[in-house]
Amino acid sequence: MTIEFTRTPTSTPTSDADRAAKLANPGFGRVFTDHMVTITWTPQAGWHDAQLRPYGPLSLDPATAIFHYGQSIFEGYKAYVQPDGSIKTFRPDANGRRFQRSAKRLALPELPVDDFVSAGDLLIETDRSWVPDAEEKSLYVRPFMMATEAFLGVRPSNLVTFMVIASPAGAYFAGGLHPVSIWLSEEYTRAAPGGTGAAKCGGNYAASLLAQQEASANGCEQVVFLDAVEKLWVEELGGMNVYFVFDDGSLATPPTSGSILEGVTRDAIHTLAAERGHPVHERPVSIDEWRDGVTSGRITEVFACGTAAVVTPLGRLAWRGGELSIGDGHTGKVTQDIRDALLAVQYGQAPDTHGWMHAVC
C-alpha cells in the first residue's frame with residue numbers, strides 16, 4: 001500500500017511574475033520550487049511521517065551522521081510538459097529501482113518503488129506551475145536519502161530521511177548543445193571494483209571534483225575516468241555514461257561491471273539506437289582504442305549521456321602532452337538522431353512505444 005502524505009502548502013508562494021522571471025533562464029540546479037517532500041525511517045516504525053511541506057532549510061545536529069560518514073544517495077529524473085498540456089516523467093520507476101540498489105550498497109533502507117514515484121508525483125502536481133513549457137526545458141526532480149541520526153559511532157544510521165526537491169532546468173552546459181571538451185584523468189580514479197561506482201552516492205561525485213578542477217584548468221568542460229586497476233579502460237565521465245560511434249554504424253559503451261553507474265538514459269539509448277539500425281555492443285573500450293580510432297577514422301563520433309545533459313557530443317579529448325579533435329566541430333549525425341529521438345519521446349512528439357513516460361497530472 002502506498003504511503004499517505006500530510007500536505008502543508010506554503011503560506012508564501014512565489015508570485016506569477018517572479019516565477020516567470022526565474023523560468024525564463026533557470027540554468028541548472030539554481031532555482032527551486034515552492035515545496036519539498038520528506039519521509040522518515042527508523043528500524044522500529046519503518047517508513048512514516050510522510051509530508052509535503054514548504055521548501056526550506058533543515059535543522060540538523062552537528063553530530064548528524066551524514067556530515068561525518070557520507071551515508072547518502074540520490075537520484076535525478078525529469079518532468080516534461082506534453083503537447084496537450086499534461087505533465088509526464090521519464091521512467092521514474094527505473095530510477096526508483098536504481099535508488100533501491102544504491103540504498104542496499106550504502107546500508108540504507110530501501111524505499112518501495114511505488115512510494116518513490118508517488119513522492120515525486122505529489123511534488124510535481126503541487127508545483128505544476130514550475131514545469132517550464134518551452135523547448136528543451138524541464139523540471140528536474142531530485143530524490144535523495146541521508147543518515148540523520150545524531151551519533152558518531154561507525155554503523156548504519158538508525159534514523160534516515162528521504163526527501164524530494166525539484167528545480168526547473170535549462171541546458172546543463174552553458175551555451176546549449178555543442179561538442180564539449182573532455183579531460184582525461186590519468187592520476188585520479190572515480191571508483192574501483194568492489195567499491196560504490198554502481199551506486200548513485202554523494203561520495204562518488206565528491207571523488208570526481210578534484211579531477212574536474214584539473215579539467216577546467218586545462219580548458220575542458222568535463223573529465224573522463226579510466227579503470228582503477230589497469231588505468232587503461234574507459235569508464236565514464238564525472239556524471240555521465242559514454243558511447244562511441246564507429247564507421248560501420250555500430251555503437252559501443254563500456255560495461256557496467258560494478259564500477260560504472262547503470263544509467264537510465266544509457267539504457268534507453270541502447271533501445272533507440274538498435275531501432276535505428278545501429279548495433280550496440282556493451283564491451284570494454286581502452287583509451288588507446290579511443291585515440292587510435294579517432295585518428296584512423298574508425299571512431300567517427302563520441303557522445304555522453306545522462307538525465308541532466310541528455311545526449312551531449314564530445315568534440316575534443318585532451319591529456320597531459322596531447323589532444324585530439326573528434327569530428328568536424330559539429331554534432332555528429334548519429335548523435336543528433338539519437339538525441340532527437342529521445343527528446344521526441346520525452347516531450348510527447350513521438351509515440352511512446354516502450355511505455356517509458358509516466359503520467360503525473
Side-chain angles (χ1 to χ4, degrees), residues 2 5 7 9-10 13-14 16 19-20 22-39 50 52-55 74-99 111 113-145 162-172 200 239 263-265 267-268 305-311 339-352 354-361:
T2 301
F5 290 87
R7 307 183 188 200
T10 180
T14 303
D16 291 345
R19 185 173 58 251
K22 292 176 179 179
L23 292 179
N25 183 27
F28 184 83
R30 295 187 291 110
V31 177
F32 299 93
T33 69
D34 287 330
H35 297 87
M36 61 187 185
V37 167
T38 62
I39 311 176
L52 172 90
R53 55 193 176 108
Y55 182 94
F74 68 96
E75 272 298 331
Y77 62 93
K78 288 180 176 179
Y80 305 85
V81 175
Q82 304 297 292
D84 63 0
S86 65
I87 297 173
K88 294 183 178 180
T89 52
F90 181 71
R91 305 186 69 188
D93 56 329
N95 290 92
R97 290 189 293 273
R98 187 172 66 182
F99 198 65
L111 181 71
V113 172
D114 287 349
D115 292 328
F116 176 94
V117 174
S118 294
D121 286 356
L122 176 59
L123 181 58
I124 295 164
E125 184 176 5
T126 302
D127 287 342
R128 177 176 184 152
S129 57
W130 282 93
V131 186
D133 186 7
E135 184 178 359
E136 296 213 14
K137 289 184 179 180
S138 57
L139 184 71
Y140 181 80
V141 182
R142 170 55 62 88
F144 59 102
M145 187 190 297
F162 168 79
M163 300 187 67
V164 188
I165 57 177
S167 174
Y172 184 76
K200 199 168 178 67
V264 175
T265 303
D267 180 68
C305 63
T307 297
V310 192
V311 174
R339 187 177 193 275
D340 289 346
L342 179 58
L343 290 174
V345 173
Q346 292 173 333
Y347 286 95
Q349 298 159 355
D352 177 22
H354 302 286
W356 287 337
M357 302 306 292
H358 166 73
V360 178
C361 54

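Nothing here was measured: the structure is a model prediction, and the numbers come from that model.
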Val31 versus Pro26, closest heavy-atom pair with distance: CG2-O, 4.2 Å
Between Thr10 and Pro54, the two heavy atoms sitting closest are CA-CG, 3.6 Å
Using every non-hydrogen atom in the two residues, find where Ile87 and Arg128 come nearest and quote the distance to one decimal. CD1-CG, 3.3 Å
Go through the steps for Val264 and Tyr77 under the test side chain to side chain contact (heavy atoms under 4.5 Å, CB included), then give the verdict. CA-CA 9 Å; Val264 175; Tyr77 62 93; over 6 Å; no
Closest approach of Phe116 to Pro92 (non-hydrogen atoms, all atoms of both residues): CE2-O, 3.5 Å
Can you find a pair of side-chain heavy atoms, one from Phe162 and one from Asp115, that are under 4.5 Å apart? no
For a quick test of your reading: what N or O donor-acceptor pairs under 3.5 Å do the side chains of residues 138-145 make, sequence neighbours left out?
| from | atom 1 | to | atom 2 | distance (Å) |
| --- | --- | --- | --- | --- |
| Tyr140 | OH | Arg142 | NH2 | 2.9 |
| Arg142 | NE | Glu75 | O | 2.9 |

Mind checking the CD-CZ spacing from Glu136 to Arg339? Nearest 0.5 Å is all I need. 4.0 Å
Shortest non-hydrogen contact from Phe32 toward Trp130: O-CH2, 3.7 Å
Distance in Å, Ile39 CD1 paired with Met163 CE, rounded so as to fall on 0.5 Å steps: 10.5 Å
Any heavy-atom pair between the side chains of His358 and Asp121 that's under 4.5 Å? yes
Side chains of Lys78 and Val310 in contact at under 4.5 Å (non-hydrogen atoms): yes
Do Asn95 and Lys200 come close enough that some side-chain heavy atom pair is under 4.5 Å? no
